[in-house]
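One structure is given here, and the rest of the page talks about it.
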Amino acid sequence: MKTTVHLSFDLDALSSWITSFKQTSPTPISRGEFGARVGVPRVLDLLHRLQVPATFFVPGHTALTFPEAVRAIAAEGHEIAAHSFLHASPVGMSREQELNDFIAAEEALKQVAKVKPIGYRSPAWDLSVNTLSILAERGYLYDSSLMADDYRLYRPRINDEVQSDGRVVFGPNSSLVEFPVAWELDDFVYFQFMGKPPLNGLRSAEEVGAIWWAEFDYCAKHVEGGTFTLTMHPEVIGRGPRIVMLERLIQRMKAIPGVQFSRMSETAERYNQSMPMA
Ligand SMILES: [Zn+2]
């Protein structure tokens, strides 16, 4: 049974502290800086030693603020995908605002690392009514923000309508490929201390490694052609014991026959070849 693993890293650096958490004093900024300064080199070293490819979702602001870290990711052959300009949620943006945000994000990635992203992950893990059509228009192949599946890719619907009486009218499938995400498979909620629930973090690396292994094990044993997508943040997973846990996890996965590691762009291309839009 074949399983494809996607190691994905959201390199938010300062952008999430500035926009999502609205904290711009020196210590929060330094927490984001840790991701580019310490997390990225540790993650790149690990991926290099184990010879596995990964996908990095990089806000435009991170590329402009820490260009060397982003160029180092590209130089190792990992995929760089879009994650907004400054970690702003697309929900509530006008179409024009959202389009301008995509343009600014893409220009920064092009300027710093000479890449044109074909994948997107929303910083809010939520989409506006326009996001999927903007992605399709701009030549993206995939999104990774929704949660309607766990271990299988799917075509996300466009223009669903939730009516005032609660009735839901489903729209047609978009041309994109969805890589579903899950809080269970995100390092931030387990590890990042934010002072109050639900993000009070600081679970042990072993405990989280066991949760992630159990998820992977189910996928590998029960889902034919399953995909296993982990979402991590260099500022979170980059601490020593967590990197050690991640290394053990990758080694255990690699030891299972039929398991492959892939950049998400390559998996999306394979999906489009095997399941073309009608
Ligand atoms: Zn993010």
Side-chain angles (χ1 to χ4, degrees), residues 6-24 28-40 42-44 54-67 69-70 73-74 78-93 97-98 101-102 104-106 108-109 112-113 115 117-128 131 134-135 140 142-147 178-194 198-199 201 208 229-239 242 246 263-265:
H6 306 110
L7 303 171
S8 70
F9 298 89
D10 298 0
L11 182 52
D12 300 334
L14 314 189
S15 69
S16 54
W17 296 94
I18 294 170
T19 302
S20 305
F21 310 133
K22 303 200 172 5
Q23 296 182 39
T24 55
I29 290 295
S30 72
R31 295 180 76 178
E33 183 179 351
F34 182 96
R37 180 190 177 105
V38 181
V40 167
R42 284 194 187 144
V43 167
L44 290 182
T55 302
F56 288 74
F57 292 90
V58 181
H61 182 272
T62 298
L64 298 180
T65 311
F66 299 106
V70 176
I73 293 165
H78 301 298
E79 177 186 356
I80 293 181
H83 196 46
S84 84
F85 182 75
L86 191 50
H87 217 264
S89 170
V91 179
M93 283 189 191
Q97 284 172 327
E98 190 172 356
D101 190 67
F102 268 99
E106 290 164 10
L109 295 181
V112 168
V115 291
I118 56 170
Y120 170 72
R121 175 173 287 153
S122 161
W125 276 7
D126 202 357
L127 307 178
S128 78
T131 307
I134 291 173
L135 289 172
Y140 285 77
Y142 72 89
D143 172 63
S144 182
S145 312
L146 302 176
M147 305 186 182
E178 182 65 36
F179 289 72
V181 291
W183 290 114
E184 289 83 349
L185 298 176
D186 183 315
D187 61 353
F188 206 95
V189 287
Y190 295 116
F191 290 131
Q192 190 70 311
F193 178 71
M194 297 297 283
L199 296 177
V208 177
T229 304
L230 269 182
T231 298
M232 295 168 280
H233 301 75
E235 72 182 67
V236 178
I237 201 73
R239 291 200 75 88
R242 299 173 188 158
L246 182 60
R263 297 168 194 84
M264 291 161 76
S265 56

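Counting starts at 1 for both ligands and their atoms, in listed order. Just so you know, these numbers come straight off a predicted model, no measurement behind them. Sequential numbering from 1 along the given sequence is applied to the chain's residues.
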When you measure from the Zn ion (ligand 1) to the N, O or S atoms of His233, does any of those distances fall below 2.8 Å? no

Would you name the N/O/S atom of Asp12 that lies closest to the Zn ion (ligand 1)?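 In Asp12, the N, O or S atom with the shortest distance to the Zn ion (ligand 1) is OD1.
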
Drop me the distance from Leu135's CG to Leu127's CG, to the nearest 0.5 angstrom. 7.5 Å

Ile18 CD1 to Thr65 OG1 distance, which is reported to the nearest 0.5 Å: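 Those atoms lie 7.0 Å apart.
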
Using the ring of Phe191 (Phe, Tyr or Trp, six-membered ring only), decide whether Arg242 places NZ or CZ under 6.0 Å from its centre and within 45 degrees of its axis.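 Yes, Arg242 and Phe191 form such a contact.
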
Give a rough value, rounded to 10 degrees, for the angle at the Zn ion (ligand 1) between atoms NE2 of His87 and NE2 of His83.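 About 100° at the Zn ion (ligand 1).
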
Single hit among Asp10, Asp12, Val40 for side chain to side chain contact (heavy atoms under 4.5 Å, CB included) with Pro234: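 By the side chain to side chain contact (heavy atoms under 4.5 Å, CB included) criterion, Pro234 pairs with just one of Asp10, Asp12, Val40: Val40.
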
